[in-house]
Protein chains: 2
Amino acid sequence: MDIHQLRVFISVFKNKSFSKAAKELFLTQPTISEHIKTLEEELNCILFDRLGKIIIPTKEAEILYQNAQEIIEKLEELKDTLQKIKSKPSGNLHIAASSIPGTYILPKLISSFKNIYPEISIQIDISDSNSVIESIISGEILLGVVGTKLHKSKIEYLPFMDDELVIVSPNSIEESYIEPEEILKYPFITREEGSGTRKEMEKWLRQMGLDIQKLNIVCTLSSTDAVKEAIKNGLGISILSIHSIRDELEYKKIKIIRIKNYRMNRTFYIATHTMRTLPYVYKIFYEFLKEKAFSL
Amino acid sequence: MDIHQLRVFISVFKNKSFSKAAKELFLTQPTISEHIKTLEEELNCILFDRLGKIIIPTKEAEILYQNAQEIIEKLEELKDTLQKIKSKPSGNLHIAASSIPGTYILPKLISSFKNIYPEISIQIDISDSNSVIESIISGEILLGVVGTKLHKSKIEYLPFMDDELVIVSPNSIEESYIEPEEILKYPFITREEGSGTRKEMEKWLRQMGLDIQKLNIVCTLSSTDAVKEAIKNGLGISILSIHSIRDELEYKKIKIIRIKNYRMNRTFYIATHTMRTLPYVYKIFYEFLKEKAFSL
DNA sequence: AGATTCTGATAAAATTTTTCTATGGATATT
DNA sequence: AATATCCATAGAAAAATTTTATCAGAATCT
């Protein structure tokens, strides 16, 4: 059954005439006749008694009229709903991010996003870049923020924010610029094996040509905050994202030591699946991030 | 939009596959593709993300799924309703009848009809045959019972019951068979001018070759009951339908005088419009009357 | 009563939509 | 790397919708 037929029926019922319905719907009268006939056959009942000049709807027509109207209304409503979720973003935003973006970058951005779209609720899952990408591929998550590019064919990466890894030390250390090898001189605080940050750290040390085995590791901790506390208390130095020590730097609780002629820069990316359609809320958030990119 | 497309969509959504939907609906996979494409265009949104081997429904698809199911359910329900009013007769039966059938024949029949179909409520409008036919032609009434055929082209008449008009007299009169002219001897009670029964009476007297002016009219009354009372009290004779004096004859309150070699027979008909469709309740009642025809 | 003007029905042609076959490219599985 | 399975696309075939043209019946108006 076609909705079109129901519309035709409704017009005939209202106009009490096949030909008037034809005019109303910009169709010809035989077309109307045909549609009513089809409906009558499909529903196995007579809808109009043709008395020559006038037609009279049957009881069946009265029932059909009520229901047909409801069905068409429901359909219009549905179309409306589908349009509205495009124009009035609300709902749940479930995103994943690796630890630095998830902990130090997104919360601030999300706070200002919530000011614009208060009805949108947001959930951030923090894990490492690898898990974030995996959950996007598996379809669990539609949008992530990561610091590494993986599975390049299936994931679209939009550069979104720069990060710099710096050597963070207690204020007690006087030097501000050192050679890479000098790192080995200082007591070093590290993250637990397997953590994303640990891998990242090792990658950079290797890149500077340092043998990780030769590090003077005094402590292994399992969170960035714990590492920061250890540094504040003069336990040693570590390598951290500049984003993670914004406050501590401002209040001069710790200091940065830079390596001569060397910067540990990296970029965070917004990661999405190349083939998935983002619901409107996600698109909005995506555009928002794009606009705010590189602003911190 | 075709309901068919919604069914296709629902199948794809449930099966999470175009080709499985094709199998389920006995269509080919390209047909399914085409239908989903059409829907997507009509609703102006993507319904499934095609990730190669698997498809994932979008948010829009989730919404459409809910609504499409409801719409289809509503449609099935509607078809059901239209079938049910065929199988479970209930509702209102509005019929018209001329005075004798309406007063003395139908009540009894309706009583036994109600025993079979208790949910059907019945209204009888009693008027003269002319008005009954007019109200059928005007569409006000779908079924009537009358004693005369009028407007034969538009009305279908089904013979339904015989009537005999008899001369009714007080028990005090001894004769039981008289010649037509002898009617003039007796004091005569008549109905008011314009009433159907009066016209009928005049018609029969004229047919017997009697001059109505010569009747010895002692009283003009406006209901059959009043006439009967008058006869019981010995005021005079009258001509009445045999149906209207069934009880009085049984208890011998009055007597019948017949005319030698002459019978005032007529037939009652069930009258319906040739072009109107009878709702199922009416059809049932019509069949019921047909079955009970000539049974009283 | 007869002409006119409504009404809807019908047949045949034109058009549009639906469906199929065949094929291709992509992804997942072994 | 080979195979199987998935969806998309193009073109042909089938089915449906719609139109034009015409008819017959009913109401209306001389």
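First the proteins, then the strands, lettered A, B, ... as listed; each starts at 1.
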> With nearest nucleotides of DNA chain D determined for B:K37 and A:K53 from heavy-atom distances, which residue corresponds to the more 5′ nucleotide?
Replying inline: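 Its nearest nucleotide being more 5', the pick is B:K37.
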>> Tell me if the centroids of the rings in A:F9 and A:F48 come within less than 6.0 Å of each other.
In response: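 Centroid separation for A:F9 and A:F48: below 6.0 Å.
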Round to the nearest Å and state the distance from [X] atom [atom1] to [N] atom [atom2].
X: B:I54; N: D:dC6; atom1: CD1; atom2: C1'; result: 11 Å
X: B:M275; N: D:dA24; atom1: CE; atom2: C1'; result: 12 Å
X: A:K20; N: C:dT5; atom1: NZ; atom2: C1'; result: 13 Å
X: B:H35; N: C:dC20; atom1: NE2; atom2: C1'; result: 12 Å
X: A:I36; N: C:dG8; atom1: CD1; atom2: C1'; result: 12 Å
X: A:Q5; N: D:dT17; atom1: CD; atom2: P; result: 6 Å
X: A:L51; N: D:dA27; atom1: CG; atom2: P; result: 8 Å
X: A:I56; N: D:dA27; atom1: CD1; atom2: P; result: 11 Å

At less than 4.0 Å, is any side-chain N or O atom of [X] found next to OP1 or OP2 of [N]? Yes or no.
X: A:S33; N: C:dT10; value: no
X: A:R50; N: C:dA9; value: yes
X: A:T28; N: D:dT18; value: no
X: B:S19; N: D:dC7; value: yes

Looking only at the side chain of [X] (C-beta and beyond, no hydrogens), which of the listed nucleotides [options] gets closest?
X: A:P30; options: C:dC20, D:dT18, C:dT10; value: C:dT10
X: B:T31; options: C:dT21, D:dC7, C:dT19; value: C:dT19
X: B:L27; options: D:dT19, C:dC20, D:dC7; value: C:dC20

> Considering only heavy atoms from C-beta outward, does the side chain of B:L289 approach that of B:L106 to under 4.5 Å?
Replying inline: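 Touching, per the 4.5 Å side-chain cut-off.
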Does [X] reach a base, just sugar-phosphate, or nothing at all? Heavy atoms under 4.0 Å.
X: A:S17; result: sugar-phosphate
X: A:K16; result: nothing
X: A:I55; result: sugar-phosphate

> If you find the nucleotide of DNA chain C closest to A:K23 and the one closest to B:F26, which residue's nucleotide is nearer the 5' end?
Replying inline: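 Whichever sits nearer the 5' end wins; that is A:K23.
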>> With a 6.0 Å cut-off (strictly less than), is the heavy-atom count around NZ of A:K149, excluding the residue itself, greater than 12?
In response: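 More than 12 within 6.0 Å, yes.
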> Are there more than 12 heavy atoms of other residues, nucleotides or ligands under 6.0 Å from atom CD of A:Q66?
Replying inline: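 Not buried by this count: 12 neighbours or fewer within 6.0 Å.
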>> Quick check against the 3.5 Å criterion: does A:R198 have a side-chain atom that pairs as donor or acceptor with the backbone of A:R191?
In response: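 Yes, the answer is positive, given that a donor and an acceptor are paired below the 3.5 Å cut-off.
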